[in-house]
Amino acid sequence: MRFARNEALRYLGVKGEADDAVLTLLSRAEAALESAASPRHALLRIPLSVESEHIQTPFFTADSPALAKHLAEAKEAYLFAATLGAEVDRLMNRYTKLDMAFALALQACAASALECYADDISSELSRALAAEGLFLLPRFSPGYSGFSIEYQTDFLAALSADRRIGLSETASHMLTPLKSITALIGITPKQQLCSTHKCASCPNTGCAYRKEP
Amino acid sequence: MNIRDYIGKQLLFFDGGMGTMLQNAGLRPGELPDVWNVEHPEAVEKIHSTYLLSGTNILTTNTFGCTKHKLEKSGYTPAQLAEAAVKNARRAILNTPGDSPRFVALGLGPTGKLLKPLGDLPFEEAYDMYRETVEAGVKAGADLILIETMSDAYELKAAVLAAKENSDLPVLATVTFDRKGKLLTGGSPESVVALLEGLRVDVLGINCGLGPKEMLPLLDRMLQVSSLPIMLQPNAGLPHEENGKTVFTVMPDEFAELMESCIKKGVWLAGGCCGTTPDHIRALTKRCSGILPPAPTEKRLTVAASYAETACFNAGKPLLIGERINPTGKPRMKKALREGDYDMILREGIAQQEQGVHVLDVNAGLPEIDEAQVLTTLTRELQAVTDLPLQLDSSDPVALERALRIYNGKAVINSVNGKESSMEAVFPLAKRYGGVIVALTLDENGIPEDAEGRIAIARRILEKGAEYGFKPHDFIFDPLTLTVSAGADNAKITLACIRRLHDELHVATVLGVSNVSFGLPERKLLNANFFALALGAGLSAAIMNPHAPGMMDAYRSCCALLNMDPQCEGYIAAYSNAEAAPAAPVGMAEMSLYDAVLRGLRSEAEAAAARELEKAEPLALIESAMVPALNTAGERFEAGTLFLPQLLMCAEAAKGAFSVIRSRMGDSAGLSKGVIVLATVEGDIHDIGKNIVKAMLENYQFEVIDLGKDVPPEQVVEAAKAHKAKLVGLSALMTTTVPAMQRTVELLHREVPDAVTMCGGAVLTEEYVASIGAEYYVRDAMDSVRRAQDVYCPV
């Protein structure tokens, strides 16, 4: 499993150089996650069409200006879901009772590992698509600006995510296990220059976790 | 003919995949296959018919997604679709010529939801979802029930209970493993077999997820431990994508060849799952019909399991059952149980696990509490933080039943004894929910004085148990330990019983070791040495305190001496550093409590607290060292020179020191600065922020009532009223759950006008919090401490 220390430190709110105590804590958390996590993912390549603000796919239709703009050039997309598995939730539950500092470190390292895992799969897909002369857009998830979180239901059903990777949702469309994501990844015939970082298009500019430009 | 006349007597063939067949018949992407039972019955019947013509004996109904949750938007109820599905299969059998035995299996798949505590589906709701489908399927004429593609042990248990409690049909259950042999939510072939055999299914096995080749090693593991006929429905190999389509690569002839080797190992029911077609089944039946697989053998394992781990009491090595979760003689645990403060108890469970116990005993027997409710909650909470199997310990059959029902796995049941009334109360529970039964050798006349009398009771328990279908290996006998101070032969009699139970009755044994020393000085010496003698006599397990000096030493030594610790590995791992550890350097300055807390060093802080308590009163120490250290840490955090991880390390160090200081103070009442109710609002399951705030508030001596996550507004109000809390803290991490925060604040203002609210969470802003009428927006954990101080200790 791959971790991104800098990302974990950003989630933890650590600015500047991290001291030894924090770095030791992160190493322990990474080791614990390494044995608890079972990263799994599900993918489905689907056709789509975009007309002004309307997106049409075989599994759902949506009216979302932001997503429509994002997918303007796309004719296809991957439906994508990934999870680190239920054992990670159990590990975090356990340390919430025992040692909150470690529980926090687990949380941050798991979040960074999930991002890395999803990024690695995206890179793999990109390489495969290059052979077809196609390119991949950044991931766009239900719950991102104006694309309702209710689409989790359609994503999970289309991917049979419960059966294939043990991923499901709560009544309020939160993913369980906790360390999981779903996303739509557009496929385009030409490369698009995208925002320099993942937070750039998010309207919540006051967010504590926002990446510096 | 009844299907029971065939299971385990001749090889039976199931059908193959349904999904792909439906797609070929016109099922559109996103369309629910189950709906076709009503809207295209002829198409479903035709698929069934094709499978029958390929040699299938047992058709699985098209009901994989037939649960309330998955059918929500379909306009149909699970009962409607299940009924139609059974009728389609029945009609196919009627209309398709053939002379082999043919049956209809009502198929049940996963609910599509994750059960609590990991998800939000309560166990009993999952049960109800399955019950609805089972009732309809039985009424429509199904011959058996197939629970399939299960990847969560807890959901599997709900489905099996629903099938068995609402029908008399045979129940077959198959699970899906990944390549490492794990269920998607954790769980192994061994833990699944323990669970399913405990629940008394008729057949168990593996389906989906893998091809026959990848299933082979997992099949081997199941065959090692299972005494039941095994069923296998692999995919047609591992899928890959070709031009946007999922493709399976194992062709019919190869599939049949691979399945033949599985069948010859002991598979009695064979079929296919994803990617398999009537051609696969035809090749399979053609190649394999006529094979008589080796009969399943009785494995005689005395095995308990959690959702993931097993504990086998007759596999050679003796097991340890941690006894610490029991209020007897423990004032702090009594208080925690009475007040529903489970954190301390959960920590005790984890601490015992870290000492090396294999099973945790759980006892919540206090006269003034609702034992059934507390034992159930405790079982659920413990299973959220530990994967050890539990031993449910109660003399109240109602408490035992409720805890056994919601327990995720196959528990140890503590206990039954030779009294008729005891056996009549406990045996039906063990039969229904599964479990290894601890049996005490006492009866209406008390504990027999000699070994002969105790062995006679054991025999009687075995006889009575057999009437319920229990075998000797379903029991662990406790011949009871009496103190040697009351009878010189007491220990000798107990040891003789251990030997005779082992040699004559061939059953596992257990003892509560420490009773032997009651009334004598230096109990630890007697306890550890008696434990060693009992292990030498063949004891299978001990109910013991792993923190008690000498007990783990005795255990590890005996395991090494009695060849139960290969290459003395466990012994060496535990003690190889003992001699090498250097003594603390003389003259090195010991760290002060203030420094240890500020540097976030928990064990140093605990040691310093103990040291400094020799010179200072507890309250004075809190004022002179703890408060200043926490204040400094808080100020540095606010100034941005110390960050959240370090702040929490300080909090953990302080928590350790406080528990040392409190233990010197007796009852800590009077220390609390005020009660604060905390909750993550309804719909939101991300509670890390709330938990951080809780840790900080507790450090500053506030009493926190933690309601957890996904908490309805009414529950927050109820808790605020019940605890007379002046301050309520609410967290929400997701934008979609922020409206739930508003509802909670509004209800609080209406119902508990005296309470003020503070709200926090990554997506909140000061303006938003003001707009929903909450008094305080808190941006981080220290901020919430400051607001609590404003409310309870204004300067």
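Throughout, a chain's letter reflects where its sequence line sits, starting with A, and its residues are numbered from 1. What's counted below: heavy atoms across the whole structure, side chains too, no hydrogens, waters or symmetry copies.
Using a cutoff of 4.0 Å between basic side-chain nitrogens and carboxylate oxygens, Asp99(A) and Arg602(B) are not scored as salt-bridged. Between Lys70(B) and Asp162(A), at least one side-chain nitrogen of the basic residue sits less than 4.0 Å from a carboxylate oxygen of the acidic one, meeting the salt-bridge criterion.
Residue Glu148(B): no heavy atom, backbone or side chain, is found under 4.5 Å from chain A. Interface residue Leu346(B): only side-chain heavy atoms are found under 4.5 Å from chain A. With a 4.5 Å cut-off on non-hydrogen atoms, Cys208(B) touches chain A through its side chain but not through its backbone. Heavy-atom distances place the side chain of Arg40(A), and not its backbone, under 4.5 Å from chain B. Using a 4.5 Å cut-off between heavy atoms, Leu156(A) does not touch chain B at all. In this structure, chain A has no heavy atom under 4.5 Å from any part of Asp710(B). Interface remark: Ala157(A) contributes no atoms to any contact with chain B (heavy atom separation under 4.5 Å). Proximity to chain A is absent for every atom of Leu764(B), based on heavy atoms less than 4.5 angstrom apart. With a 4.5 Å cut-off on non-hydrogen atoms, Leu175(A) touches chain B through its backbone but not through its side chain. Looking at Leu98(A), the atoms closer than 4.5 Å to chain B (heavy atoms on both sides) sit in the backbone and in the side chain alike. For a residue to count as touching a neighbouring chain, one of its non-hydrogen atoms must lie under 4.5 Å from one of that chain's; by this rule Ala21(A) touches chain B with backbone and side chain alike. Heavy atoms of Phe64(B) lying under 4.5 Å from chain A belong exclusively to its side chain. Both the backbone and the side chain of Thr170(A) come within less than 4.5 Å of a heavy atom in chain B. Interface remark: Glu682(B) contributes no atoms to any contact with chain A (heavy atom separation under 4.5 Å). Within the 4.5 angstrom heavy-atom criterion, no atom of Lys116(B) approaches chain A. Only the side chain of Tyr78(A) comes within less than 4.5 Å of a heavy atom of chain B; its backbone N, CA, C and O stay farther away. Interface residue Leu25(A): only side-chain heavy atoms are found under 4.5 Å from chain B. Proximity to chain A (any heavy atom under 4.5 Å) is shown, for Thr386(B), by both the backbone and the side chain. Using a 4.5 Å cut-off between heavy atoms, Tyr95(A) contacts chain B through its side chain alone, with no backbone atom that close. Interface remark: Glu155(B) contributes no atoms to any contact with chain A (heavy atom separation under 4.5 Å).
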Query - Audit row: Leu12(A), Leu644(B), side-chain contact (heavy atoms from CB on, under 4.5 Å) steps and yes/no - result: CA-CA 6 Å; Leu12(A) 292 170; Leu644(B) 190 55; 5.7 Å; no
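Among the candidates Arg164(A), Glu132(A), Glu169(A), Arg94(A), the residue making the largest number of heavy-atom pairs closer than 4.5 Å to chain B is Arg94(A). Interface check for chain B: of the options Leu43(A), Leu91(A), Asn93(A), the most heavy-atom pairs under 4.5 Å are formed by Asn93(A). Contact tally against chain A (heavy-atom pairs below 4.5 Å) for Arg599(B), His686(B), Gln383(B), Glu31(B): the top residue is His686(B). For chain A, the option among Asp687(B), Thr735(B), Leu32(B), Asp684(B) with the highest count of heavy-atom pairs below 4.5 Å is Asp684(B). Most heavy-atom pairs under 4.5 Å with chain A, from the set Pro110(B), Ala740(B), Gly112(B): that is Gly112(B). When each of Ala695(B), Ala384(B), Gly65(B) is checked for heavy-atom pairs under 4.5 Å with chain A, Ala384(B) comes out on top. If you tally non-hydrogen atom pairs under 4.5 Å between each of Asp343(B), Asn691(B), Asp780(B), Leu601(B) and chain A, the highest count goes to Asn691(B).
Thr176(A) places no side-chain N or O within donor-acceptor distance of the main-chain N or O of Gly119(B), the cut-off being under 3.5 Å.
With rounding to the nearest 0.5 angstrom, the CD1 atom of Ile692(B) is 8.0 Å from the CD atom of Gln107(A). Taken from CZ in Phe643(B) to CG in Leu104(A), the straight-line distance is 13.5 Å, to the nearest 0.5 Å. The distance from atom CE of Met100(A) to atom CD of Glu698(B), rounded to the nearest 0.5 Å, is 11.0 Å. Interatomic distance, CE of Met174(A) versus CD1 of Ile685(B), reported as 6.5 Å (0.5 Å rounding).
Under the 6.0 Å distance and 45° angle rule, Arg28(B) does not count as a cation-pi partner of Phe59(A).
Counting all heavy atoms, side chain and backbone alike, Arg90(A) lies closest to Tyr307(B) at CD-OH, 2.9 Å. Nearest heavy-atom pair across Glu87(A) and Thr185(B) is OE2-O, 3.4 Å. Across all their heavy atoms, Gly166(A) and Leu184(B) have their closest contact at N-CD1, 3.1 Å. When all heavy atoms of Glu652(B) and Ala101(A) are compared, the pair lying nearest together is CG-N, 4.2 Å. Residues Ser168(A) and Lys113(B) approach most closely at OG-C, 3.6 Å, considering heavy atoms.
A 6.0 Å sphere centred on NZ of Lys655(B) holds more than 12 heavy atoms belonging to other residues, nucleotides or ligands. Open room surrounds CZ on Arg179(B); 12 or fewer heavy atoms of other groups in view lie less than 6.0 Å from it. Within a 6.0 Å radius of CD in Glu34(A), other residues, nucleotides and ligands contribute more than 12 heavy atoms. Sparse packing is recorded around CD of Glu17(A), with 12 or fewer heavy atoms of other residues, nucleotides or ligands lying under 6.0 Å away.
Side-chain contact between Leu114(B) and Pro177(A) is present, with at least one heavy-atom pair separated by less than 4.5 Å.
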